[in-house]
Each structure stands twice: as structure tokens, then as C-alpha cells.
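These values consider heavy atoms only, across backbone and side chains, with no hydrogens, waters or symmetry-generated copies. Fair warning: this is a prediction, and the values are worked out from it, not measured in the lab.
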Amino acid sequence: EQFGKINEAKYCVAVNTGTSALHLTLISLGIKKGDEVILPSISFVASAAAVKYVGAKPIYVDINSEDWLINVDKIENKITRKTKAIMPVHLHGLICDMKKIKKIAKKYNLFVVEDASQAHGSKYFGKNPGFYSDVATFSFYPAKNLGAIGEGGAIITNNKKIHDRTKKLRSWSSGKNFFSEIGYNYRMPEFAAISLLVKLKFLKKDIKKRIKIASIFKKRIKIKSFSKFNDNEKKHSYHIFALTINKRDKVINEMKKIKIFCNTHYSYCLPHLKLFSNEKKNNYFFYGDNLSKKIISLPIYPDLKKKEIDYIIFHFNKIT
């Protein structure tokens, strides 16, 4: 109830993980074997895995070179009679161009499922995830902007049918003396829920701190190869602060020597993982391939102190 309220959504269903949220959502929309779901070339594997769970086929669209999000201009070329949904992923906390995606979905009578696992507190033209779509799903993995003690996930929607079915499915689809269909044990543990109720109070303040740290990074880091977007349209919540560099592994190792731990989100292009596709490398995913080879994430979290931020910037500039 509390999470639905802060996202201005009519309904919210709490589940055990963000992946479960995607899985139940696709089932509730009737997506099944033989159907196709469009998603970006760069995302965590869970986005594609959830599509495979229901027997559907992930259809990939390359990302933009500027904001690293799904290239909306290439979506229509991938739509077929089998396409049932578009799954935009709000990478690193930056929301996709949802107005354009909604327009395309309406034209072809498709569902829109936002993978907002990294977008707690993000805004698009002042609106939360879920405003321009049928459903938005979230993850409360501990490292997220809103992370549980343990794990958790949520489904927000303004559609009562989607809410009712996902709520039943998360708990074995049980009635008083019967089971309406094959369901799942996807309930959110009570302890995770308690921890999230406490942390919800600090979400806005924490995101403000993340935005402030990101602005310092952007101003003082010499390499300006971070994602570009319009601040007047989008509020980036900076679950991750990333940029692209050459010789990434060398930089990560050098930073690690001085106790600065960097990461890569994500060092793979989904269409080229054998698990999810048999597509050979080609120019269709040029930007996804390029990003996966060069992206690096710097430490960013609300409790970073000024001296630690200065330390990160000084050594990153020196090493790169």
C-alpha cells in the first residue's frame, strides 16, 4: 500500500523478487508460448529470463548511443503479428521515452511492461514508472535505491484485473477450499516488508544525495562519457553512476588496489548470450555491444562522504 501510494498507483502487489514481479505480470497479461516481447539489447538477464519463463520469445532492439536506453525509433521494425508486449528497461535509474513507447503500443494494440527495477524515485515529465504503461515492476534487491533486508519485488498497476490475478498467483492461486490455477510461492517475506517500510521514509532524501554525488562526478571527472539526457524531462535516480572507458579491466584492477571498488553493469549484450538468443554478432546491436565492452560503474550511495568522493575522483582521473 505504501509503495503504491508513493508511485501514485491504484494497486500494488508485493512479491519476493523483481524477477517474480516480471514473471507474474507476463502471465497475467496472457503472454505465452509463441508470443514475442520486445526489450532492449542491454539489461540484466532477468528481463529476458522472465520472457522465457512463460515460453515467449525475447525480441531485442538496440540501445541509443546517448542515454543507453531502448532506441524507440527502432521498435516498430521489430513488431510482428506475434508481438504482444514492449518491455522498456529503465537502465541505471533513467526512464525510457515512455510517451513514444505508449504511442507505438497503442497503434499496434500491445501491452507495455516497464522493468523499473532500477528506477525507484525516478521521474519522466514529473510522472512515476507505471503512469504510461499497463504495469511497472520493481526489485528491492539490497543494493537498489530502495533495498530490502533480504530480497523483494513489487508490481504496480492501475488495472484491477492485473492486480487481482498477480496477487492470487503469488500465493498458489488459492481460494478458501480450492486452487484456481497453478500458482507460485512468490510472497514477500514479512521481515523484508518491515525493512522496506522503514527505508521508504528515507527514499527521497537518499535520492537527493545520489543526484548531488552524480552532479559532482559529472563536473569533476575528466572523461565525460556518461549517459546524456534532458534534465527538464527526466529525473535520474542514479541507482548506478556509469560511464564508458577504454581498457576497463585495467582501470578496475588499478582502482581496486587503492580500495575503490568499481563494477560493470552490464558487460554483456543480451542478444549474444546463448541462453536467450542464437543471433550472431552484427550491426543490429552495435551500441549494445560497444557499451557492454566499455561501461564501468563508480561507487555511488547516500553515505559517501566528501573526502571519499574526492578520493574517488582524484584517483579515477589519475588512472584514466
J.: Out of curiosity, His315 NE2 to Met255 CE, how far, rounded to the nearest 0.5 Å?
T.: 8.5 Å
J.: Considering only residues two or more places apart or on different chains, which pairs with a residue in residues 91-100 satisfy side-chain hydrogen bond (donor to acceptor under 3.5 Å, both in side chains)?
T.: Asp97-Lys234
J.: Can you tell if the side chain of Ile296 reaches within under 4.5 Å of the side chain of Val251, non-hydrogen atoms only?
T.: yes
J.: Looking at Ser173, is its backbone amide N or carbonyl O close enough to the side chain of Ser180 to form a donor-acceptor pair, meaning the two atoms are under 3.5 Å apart?
T.: yes
J.: Does any part of the side chain of Ile42, heavy atoms only, come nearer than 4.5 Å to the side chain of Ile295, both counted from C-beta?
T.: no
J.: Can a donor-acceptor pair be found, under 3.5 Å and without considering hydrogens, that links the side chain of Asp35 to the backbone of Ala56?
T.: no
J.: Does Ile258 reach the side chain of Ile319, with side-chain heavy atoms less than 4.5 Å apart?
T.: yes
J.: So if you build clusters from Ile, Leu, Val, Met, Phe, Trp, Tyr with side-chain heavy-atom gaps below 4.5 Å, do Leu273 and Leu91 land together?
T.: yes
J.: Pair Asn64, Tyr287 - check side-chain contact (heavy atoms from CB on, under 4.5 Å), show working.
T.: CA-CA 7 Å; Asn64 288 299; Tyr287 293 113; over 6 Å; no
J.: Grab the two heavy atoms, one from Asn16 and one from Asn185, that are nearest each other, plus how far apart they are.
T.: ND2-O, 3.9 Å
J.: Please answer whether the main-chain N or O of Ala148 pairs with a side-chain N or O of Lys199 as donor and acceptor at a distance below 3.5 Å.
T.: no
J.: For Lys218, is the NZ atom crowded, meaning more than 12 foreign heavy atoms sit under 6.0 Å from it?
T.: yes
J.: Under 6.0 Å from the ring centre and within 45 degrees of the ring axis: does the NZ or CZ of Lys228 meet both conditions for the six-membered ring of Phe226?
T.: yes
J.: Go through the steps to decide whether Leu275 and Lys52 satisfy the test side-chain contact (heavy atoms from CB on, under 4.5 Å), and finish with yes or no.
T.: CA-CA 10 Å; Leu275 286 170; Lys52 298 289 280 187; over 6 Å; no
J.: Enter the distance from Ile309:CD1 to Leu298:CG here, rounded to the nearest 0.5 Å.
T.: 11.5 Å
J.: Would you tell me whether Asn159 and Thr157 have side-chain atoms, one donor and one acceptor, within less than 3.5 Å of each other?
T.: no
J.: Within a 6.0 Å radius of atom NZ on Lys84, are there more than 12 heavy atoms belonging to other residues, nucleotides or ligands?
T.: yes
J.: Counting N and O atoms only, with roles assigned by atom type, does the side chain of Thr166 sit under 3.5 Å from a partner on the main chain of His163, one being a donor and the other an acceptor?
T.: yes
J.: Using the rule that two of Ile, Leu, Val, Met, Phe, Trp, Tyr join whenever any of their side-chain heavy atoms come within less than 4.5 Å, decide whether Trp172 and Leu24 are in one cluster.
T.: no
J.: Before we go on, tell me: are the rings of Phe138 and Phe3 under 6.0 Å apart, centre to centre?
T.: yes
J.: Please report the shortest heavy-atom distance between Ser237 and Arg210, naming the atom on each side.
T.: O-CD, 3.5 Å
J.: Counting only N and O atoms by type, is there a donor-acceptor contact under 3.5 Å from the side chain of Lys224 to the main-chain atoms of Ile221?
T.: yes
J.: Supply the atom-to-atom distance Phe316 CZ to Thr320 OG1, rounded to the nearest 0.5 angstrom.
T.: 4.5 Å
J.: Would you check if Asn246 and Lys294 make a side-chain contact, meaning some heavy-atom pair closer than 4.5 Å?
T.: yes
J.: Please find the pair of heavy atoms, one from Leu22 and one from Ser47, that lie closest to each other, and give the distance.
T.: CD1-CA, 4.0 Å
J.: Does anything in residues 235-259 form a salt bridge (charged side-chain N to carboxylate O under 4.0 Å, His left out)? List the pairs, not counting sequence neighbours.
T.: Glu254-Lys257
J.: Kindly indicate whether the side chain of Tyr11, heavy atoms from C-beta on, has any atom under 4.5 Å from the side chain of Ile156.
T.: no
J.: With clusters defined by side-chain heavy atoms of hydrophobic residues (ILVMFWY) lying less than 4.5 Å apart, directly or transitively, does Val72 cluster with Phe125?
T.: yes
J.: Evaluate side-chain hydrogen bond (donor to acceptor under 3.5 Å, both in side chains) for His23 paired with Tyr186, printing each intermediate quantity in order.
T.: CA-CA 10 Å; His23 185 198; Tyr186 283 174; 3.0 Å; yes
J.: Using 4.0 Å as the upper bound for N to carboxylate O, is an ion pair formed by Arg165 and Glu181?
T.: yes
J.: Are there over 12 heavy-atom neighbours, none belonging to Ile182, within less than 6.0 Å of that residue's CD1?
T.: no
J.: When you measure from the side chain of Asp62 to the backbone N and O of Phe286, does any donor-acceptor pair fall under 3.5 Å?
T.: yes
J.: Report yes or no: does Lys222 contribute a side-chain atom to a donor-acceptor pair with the main-chain N or O of Asn317 at less than 3.5 Å?
T.: yes
J.: Is any side-chain heavy atom of Leu270 closer than 4.5 Å to a side-chain heavy atom of Phe285?
T.: no
J.: For atom NZ of Lys123, is the number of surrounding heavy atoms from other residues, nucleotides or ligands below 6.0 Å larger than 12?
T.: yes
J.: Should the heavy atoms of other residues, nucleotides or ligands under 6.0 Å from OH of Tyr141 be counted, would the total exceed 12?
T.: no
J.: May I ask whether Ile149 and Leu200 are part of the same hydrophobic cluster, defined by side-chain heavy atoms of I, L, V, M, F, W, Y residues being less than 4.5 angstrom apart, directly or through others?
T.: no
J.: About how many Å separate CD1 of Ile213 and OH of Tyr301, when rounded to the nearest 0.5 Å?
T.: 8.5 Å
J.: The test is side-chain contact (heavy atoms from CB on, under 4.5 Å); show your working for Asn263 and Ile240 and say whether it passes.
T.: CA-CA 10 Å; Asn263 208 336; Ile240 291 167; over 6 Å; no
J.: Should Glu233 and Phe229 be marked as a side-chain contact (heavy atoms from CB on, under 4.5 Å) after you check the CA-CA gap, both sets of side-chain angles, and the distance that decides it?
T.: CA-CA 8 Å; Glu233 297 178 358; Phe229 62 96; over 6 Å; no
J.: Compare all side-chain heavy atoms of Thr83 with those of Leu110 and state whether any distance is below 4.5 angstrom.
T.: yes
J.: Which atom names give the shortest non-hydrogen contact between Leu26 and Ala50, and what distance separates them?
T.: CD1-O, 3.5 Å
J.: Begin with the C-alpha distance, continue with both residues' side-chain angles, and end with the deciding distance and a verdict on side-chain hydrogen bond (donor to acceptor under 3.5 Å, both in side chains) for Glu76 and Tyr108.
T.: CA-CA 9 Å; Glu76 287 193 78; Tyr108 293 93; 2.6 Å; yes
J.: Is the backbone N or O of Ala9 less than 3.5 Å from a side-chain atom of Asn7, with the two atoms forming a donor-acceptor pair by type?
T.: no
J.: Above 12 or not: heavy atoms from other molecules or residues under 6.0 Å from NZ of Lys305?
T.: no
J.: If the threshold is 4.0 Å, N to carboxylate O, is there a salt bridge linking Asp310 and Lys306?
T.: yes
J.: If every non-hydrogen atom of Cys96 is compared with every non-hydrogen atom of Pro88, which pair is closest and at what distance?
T.: SG-CB, 3.8 Å
J.: What is the minimum heavy-atom distance between Asn128 and Glu8, and which atoms define it?
T.: ND2-OE1, 3.2 Å
J.: Does any non-hydrogen side-chain atom of Ile260 lie less than 4.5 Å from one of Tyr311?
T.: yes
J.: Please work out which of the three classes, parallel, tilted or perpendicular, describes the rings of Tyr266 and Phe44, given edges at 30° and 60°.
T.: tilted
J.: Under a single-linkage definition using a 4.5 Å side-chain heavy-atom cutoff for Ile, Leu, Val, Met, Phe, Trp and Tyr, are Val45 and Val113 assigned to the same hydrophobic cluster?
T.: yes
J.: Might you confirm whether atom NZ of Lys57 has over 12 heavy atoms from other residues, nucleotides or ligands at distances under 6.0 Å?
T.: no
J.: Is it true that a side-chain atom of Glu114 and a backbone atom of Gly130 form a donor plus acceptor pair closer than 3.5 Å?
T.: yes
J.: Hey, what do you get for OH (Tyr184) to CG (Leu169), rounding to the nearest 0.5 Å?
T.: 7.0 Å
J.: For Ser117, does its backbone N or O pair with a side-chain atom of Asp115 as donor and acceptor, under 3.5 Å?
T.: yes
J.: Working to the nearest 0.5 Å, report the span between SG of Cys269 and CG of Leu291.
T.: 9.0 Å
